[in-house]
Structure formats: structure tokens, C-alpha cells
Asks: 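After the C-alpha cells below, expect a handful of questions from me.
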Amino acid sequence: MVGVGLKVGGVRQRIHIIFTAWLLIVSIGGRWELLQTAAWTGMLISFTKTDSFAVAVEKTFKGDRPCQLCKIVKEGRESEREQEQSVEQVKIDWMLVQVSHVVWPSREFSAHLSYSEPHDLFFNFPETPPPRFV
């Protein structure tokens with residue numbers, strides 16, 4: 001079959017692209033839009049069997065006769081909105097606290113340290129040894 005033009009790598013790449021797009025749509029909350037699109041497509045196909053295309057489009061998007069999938073999508077969207085509204089907003093109030101006194105190690109403890117000031121613990125690093133030549 002000459003002229004098919006599909007390579008194995010090309011099919012895999014298309015599958016990866018479709019899967020990535022699907023994950024992106026689902027992750028940003030587009031699952032209801034995908035279901036609604038599927039419902040509209042099904043309604044349009046079923047209406048075109050008996051009516052003209054223009055009448056089928058009008059019946060599909062008018063909203064007078066929603067299909068079962070349209071009802072499920074509507075209920076799902078409403079339940080998500082209710083859940084979002086019921087979640088309380090947590091507000092963190094930052095406030096400054098005045099420290100009345102600072103605790104330093106006792107003199108007995110400081111005597112065991114080889115540092116003269118407590119801040120030396122953080123700023124005086126040991127010297128690095130010179131490189132060894134083998």
C-alpha cells in the first residue's frame with residue numbers, strides 16, 4: 001500500500017500529543033466541556049436523521065430537549081460549584097510579635113565552646129586544608 005504515509009513513529013507521536021492534550025484539558029477542569037461537546041455531537045447526529053441540518057442545529061442548541069448526557073453534565077457542573085462555594089476561605093493573618101528577651105546559652109555551656117560570641121557559630125567557618133600532592 002503505497003501512499004498511506006503513516007509511520008510507526010508518527011502514530012506514536014500523534015498518540016502522545018492527543019494524550020497530552022487530553023491530560024491538559026482534564027487538569028484545567030475541561031472534562032465537563034468535553035462531555036457537553038460529546039452530548040451536542042450525539043444530539044446533532046440523531047436530529048439530522050429526521051430533520052435538515054439547520055433544523056437539527058437549532059434543536060440541539062436551543063436547549064428545549066436536553067439529552068441524558070446534557071442533564072448529567074448540568075448536574076455535575078452545579079455540584080462542583082456548590083463544593084467550591086462551601087469551601088471556606090482560609091485567611092492567614094500575619095502579625096509582628098515583639099520579643100521581650102533573647103535566650104543565649106548559659107556561661108557554663110559557653111565555656112565548653114571554643115567560640116567567643118554566639119554569632120561566631122554561624123559566621124566563622126573552619127579553614128579548608130591545603131590540597132595534598134600525591
Side-chain angles (χ1 to χ4, degrees):
M1 294 189 37
V2 179
V4 172
L6 291 177
K7 297 179 183 176
V8 175
V11 172
R12 285 185 184 165
Q13 184 178 8
R14 287 186 181 132
I15 290 172
H16 286 282
I17 290 171
I18 291 169
F19 184 69
T20 304
W22 179 78
L23 282 177
L24 179 65
I25 289 169
V26 169
S27 68
I28 61 174
R31 61 187 172 276
W32 297 119
E33 284 73 19
L34 285 176
L35 283 173
Q36 185 65 59
T37 304
W40 285 334
T41 304
M43 290 172 65
L44 189 62
I45 290 171
S46 67
F47 287 143
T48 53
K49 291 179 181 177
T50 58
D51 299 320
S52 68
F53 185 74
V55 173
V57 169
E58 183 181 343
K59 284 183 178 179
T60 300
F61 295 110
K62 194 171 185 181
D64 292 344
R65 305 177 211 174
C67 66
Q68 189 64 30
L69 189 54
C70 290
K71 293 175 185 176
I72 291 171
V73 169
K74 183 178 179 181
E75 291 173 6
R77 283 181 179 166
E78 288 175 358
S79 68
E80 273 192 3
R81 286 187 192 127
E82 289 173 3
Q83 287 176 358
E84 288 175 0
Q85 291 174 355
S86 67
V87 174
E88 293 182 21
Q89 294 289 333
V90 178
K91 183 179 178 184
I92 300 175
D93 291 328
W94 297 95
M95 53 187 241
L96 296 175
V97 178
Q98 183 178 1
V99 179
S100 60
H101 52 277
V102 178
V103 179
W104 292 105
S106 64
R107 290 183 185 211
E108 294 83 25
F109 181 74
S110 296
H112 297 290
L113 298 175
S114 62
Y115 302 103
S116 60
E117 294 291 326
H119 62 80
D120 288 342
L121 292 171
F122 302 108
F123 298 113
N124 289 341
F125 300 109
E127 295 181 18
T128 54
R132 294 182 185 180
F133 295 106
V134 179

Asks: Suppose we screen for salt bridge (Lys or Arg N to Asp or Glu O under 4.0 Å). Which residues come up paired with Lys49, at least two apart in sequence or across chains?
Replies: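 Not a single residue meets the salt bridge (Lys or Arg N to Asp or Glu O under 4.0 Å) criterion with Lys49.
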
Asks: Can you list, by chain and residue number, the hydrophobic cluster partners of Leu35 when the side-chain cut-off is 4.5 Å?
Replies: Trp32, Leu69, Val73

Asks: Could you measure the distance from the NZ atom of Lys71 to the CD atom of Glu75? Nearest 0.5 Å is fine.
Replies: 9.0 Å

Asks: Spell out, yes or no, whether Ile18 and Leu34 are grouped together once hydrophobic residues are joined by side-chain heavy atoms under 4.5 Å, including indirect joins.
Replies: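 They do not share one cluster, since no chain of ILVMFWY contacts under 4.5 Å joins Ile18 to Leu34.
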
Asks: With rounding to the nearest 0.5 angstrom, report the CD1 to OG1 distance, Ile15 to Thr20.
Replies: 11.5 Å

Asks: Looking at CD of Gln36 and OG1 of Thr41, how far apart are the two atoms once the value is rounded to the nearest 0.5 Å?
Replies: 9.5 Å

Asks: If the condition is salt bridge (Lys or Arg N to Asp or Glu O under 4.0 Å), which residues does Glu33 pass it with, not counting sequence neighbours?
Replies: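 Salt bridge (Lys or Arg N to Asp or Glu O under 4.0 Å) list for Glu33, sorted by chain: Arg77.
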
Asks: Under the rule for side-chain contact (heavy atoms from CB on, under 4.5 Å), what residues qualify as partners of Lys74, not counting sequence neighbours?
Replies: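 Expected list: Glu78.
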
Asks: Under the side-chain hydrogen bond (donor to acceptor under 3.5 Å, both in side chains) rule, collect the residues that match up with Arg31, sequence neighbours excluded.
Replies: Glu80

Asks: For the CD1 atom of Ile45 and the OG1 atom of Thr60, what is their distance to the nearest 0.5 Å?
Replies: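 The distance works out to 10.0 Å.
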
Asks: Which heavy atom of Thr48 sits nearest a heavy atom of Ala56, and at what distance?
Replies: CG2-CB, 3.5 Å

Asks: Which residue pairs satisfy the ring pair (Phe, Tyr, Trp, His ring centres under 6.0 Å) criterion with at least one member in residues 42-69, sequence neighbours excluded?
Replies: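 Qualifying pairs, neighbours excluded: Trp40-Phe61.
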
Asks: Met43 and Pro66: which non-hydrogen atoms are nearest, and at how many Å?
Replies: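 Heavy-atom minimum between the residues: CE-CA, 4.5 Å.
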
